[in-house]
Amino acid sequence: MQKTTQQIIVGLGERSYAIDIGVGLLSRTPLFNVLPHQILIITNTVVGPLYLDQVRAQLASHHVVVHTIDDGESAKSLANYGAIMDTLIQYNFNRDCAVVALGGGVVGDLAGFVAATYQRGVRFYQIPTTLLAQVDSSVGGKTAINHPGGKNMVGAFYQPQGVLIDTNCLASLNDRDYACGLAEVVKYGVIADAEFFAWLEAHVNQLNARDSGALTYAIQRSCEIKADIVAADEREQSVRALLNLGHTFGHAIEAAHYDTWKHGEAVAAGTVIAAKLMHQLGELSAADMARIEALLQAFQLPVRAPKMPLAQWQAFMQRDKKVQDGTVRLVLPTAIGAASLRPMADWQVIGQAITAMSTTND
Ligand SMILES: NC(=O)c1ccc[n+]([C@@H]2O[C@H](COP(=O)([O-])OP(=O)(O)OC[C@H]3O[C@@H](n4cnc5c(N)ncnc54)[C@H](O)[C@@H]3O)[C@@H](O)[C@H]2O)c1
Ligand SMILES: O=C(O)C(=O)C[C@@H](O)[C@H](O)[C@H](O)COP(=O)(O)O
Ligand SMILES: [Zn+2]
C-alpha cells in the first residue's frame, strides 16, 4: 500500500531539499508554510488559469505578484528573462523574496534562471505541473534559457529549496505532453535501473491509462534515481552526464524544429539513435535495442528522427555542453540499466546511426 504523500531528499549538504509527492498537494501543502512574504509566481497562459487560484489561496497573507509568459518552448527566451527582471524591479522585490515556478519544464527552467541571477540569487521553489517536469526538470538545479544556436545555451546550476509535486495536475495534461514525460522516465530505466525498466514494460497499460498508483510509483522512482545522481555529481563532472541520454541528438532535433518537436519526443528519437549506434559498435545487443525502441513506442513516442542534413546535426551537436576539446561525447547504453559517456570523433559512424534511425519521408 502506497502512502498518500512521499518525500524524497536531494542530499546536497546545506543545500539539501525535499521533493514532496502526493495527490492534491496544491491545496494541502507542506511547501507554502516556509515561503517568505514577497513571492513572484511565474506561470504561463495555459497553467495559470488551471492552477493559480489553488496556489494563491494558500498564500492569502503574502505579497504575491504573478508574471505570466506565453506557452511553448520559445518562451524560454532572453526576452522573457528580461521582462521578468523588469517585473521584479518594478515591484521592488528584495533579496529575501522567493520565485515560484508553476508550470512545466519551460516555466521551471526560465524561473530557475531568474532566481539564480536576480540580485545574485534568491530563493526558488518548483511546482511542476507536467509529467516531464515532475520526473526530471524540477529536480537537480539545471536552469536555462535557449538561444537560436542551441538549447539551454545560457543558464546556471541553481538548486530549488523545495519541489512540490501534485499528481492531480496531470489530469489536465494532453496525451502528447504526457508521453513526453514518459520519455524521461524510460531514460532512468535505461541508464540506471534494469528492474525499473522491466517494471515499466509490465505497466505500459496502467501508465498509458494514467493509473494513479502506477504513475505515483513511476514519478517516485524517477525522482529517487535523479536525486541520487545529482547528489553524487551536482555539476555534471561525471555520472550526471548519463541523464543526457538521447539529448545530444534530441537537442539537435529540437533546435532545428522547435515548432514541431517537443523535448520528450526529441529525447525518445535521440535515445533510439544512441541505442542503434551502440548496437552498430557491437556493444548493445539486438534484444536490448529492440526493448528500448518497443517501450518508447508503446508510450506513443516517436522512434525515428526527422530527416536533416548531417552537417546540420553536426553543427548543433558540436555545441553540446558535453563537448570536450572539440570532440562530441555521447551517452550510450551498454545494456538495459547501464550507460557510459564516450568521446566519438568518427562522424561517419555517428551519421550511419542517425540515417538508420531517421524517417525517409520528412
Ligand atoms: N532542467 C532540467 O533538468 C530539464 C530536464 C528535462 C527537460 N527540461 C526542459 O523542460 C522543457 C520541457 O518541459 P515540458 O515537457 O514540461 O514542456 P512545457 O513546459 O512546454 O509543458 C508542456 C505543455 O503542457 C502545458 N501544461 C503544463 N502543465 C499542464 C497541466 N497540468 N495541464 C495541462 N497543460 C499543462 C504547457 O503549457 C505546455 O503547453 C524543455 O525546455 C526542456 O529543455 C529541463
Ligand atoms: O538534469 C540533468 O542533468 C539532465 O541532463 C536532464 C535532462 O533531461 C534535461 O533535458 C537537461 O536540461 C539537459 O541539459 P543540458 O545540459 O544538456 O542542456
Ligand atoms: Zn531532458
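Throughout, numbering of the chain's residues begins at 1 and tracks the sequence. Atoms within each ligand, like the ligands themselves, are counted from 1 in listed order.
- Distances from the Zn ion (ligand 3) under 2.8 Å pick out these protein N/O/S atoms: E184 OE2, H247 NE2, H263 NE2.
- Under the 4.5 Å side-chain heavy-atom criterion for ILVMFWY residues, no single connected hydrophobic cluster contains both F124 and L26.
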Output block, N or O contacts of ligand 2, threshold 3.5 Å exclusive:
residue  : atom   : partner : partner atom : Å
ligand 2 : 1 (O)  : K226    : NZ           : 2.7
ligand 2 : 1 (O)  : R240    : NH2          : 2.8
ligand 2 : 3 (O)  : K142    : NZ           : 3.0
ligand 2 : 3 (O)  : R240    : NE           : 2.7
ligand 2 : 3 (O)  : R240    : NH2          : 3.3
ligand 2 : 5 (O)  : K142    : NZ           : 3.1
ligand 2 : 5 (O)  : N244    : ND2          : 2.9
ligand 2 : 8 (O)  : D136    : OD2          : 2.7
ligand 2 : 8 (O)  : E184    : OE1          : 3.4
ligand 2 : 8 (O)  : E184    : OE2          : 3.2
ligand 2 : 8 (O)  : K187    : NZ           : 3.0
ligand 2 : 8 (O)  : H247    : NE2          : 2.9
ligand 2 : 10 (O) : H247    : NE2          : 3.1
ligand 2 : 10 (O) : H263    : NE2          : 3.0
ligand 2 : 12 (O) : N152    : ND2          : 3.4
ligand 2 : 14 (O) : K142    : NZ           : 3.3
ligand 2 : 16 (O) : K142    : NZ           : 2.8
ligand 2 : 17 (O) : N244    : OD1          : 3.2
ligand 2 : 17 (O) : N244    : ND2          : 3.0
ligand 2 : 18 (O) : N152    : ND2          : 2.9
ligand 2 : 18 (O) : K321    : NZ           : 2.6

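- Within a 6.0 Å sphere centred on NE2 of H147, other residues, nucleotides and ligands contribute 12 heavy atoms or fewer.
- Residue contacts with ligand 1 for V106 involve both N, CA, C or O and side-chain atoms from C-beta outward (heavy atoms, distance under 4.0 Å).
- Between F196 and Y217, the ring planes are perpendicular. Angles over 60° get that label, and only those under 30° would be called parallel.
- Note: F197 CZ to I336 CD1 = 4.0 Å, rounded to the nearest 0.5 Å.
- Every atom of ligand 1 is numbered from 1 in the order shown, and the set under 4.0 Å from a heavy atom of S137 is 1 (N), 2 (C), 3 (O), 4 (C), 5 (C), 6 (C), 7 (C), 8 (N), 44 (C).
- Proximity of H263 to ligand 1, defined as any heavy-atom pair under 4.0 Å, is confined to the side chain (atoms from C-beta onward).
- Listed by first then second residue, pairs satisfying salt bridge (Lys or Arg N to Asp or Glu O under 4.0 Å) with a partner in residues 137-149 read K142-E236, not counting sequence neighbours.
- Shown here are the ring pair (Phe, Tyr, Trp, His ring centres under 6.0 Å) partners of Y158, two or more places apart in sequence or in another chain: there are none.
- Using a 4.0 Å cut-off to heavy atoms of N44, the atoms of ligand 1 that qualify are 36 (C), 37 (O).
- Counting heavy atoms under 4.0 Å from ligand 1, residue V47 touches it through the side chain alone.
- Looking at D109 against ligand 1, only its side chain comes within 4.0 Å, counting heavy atoms.
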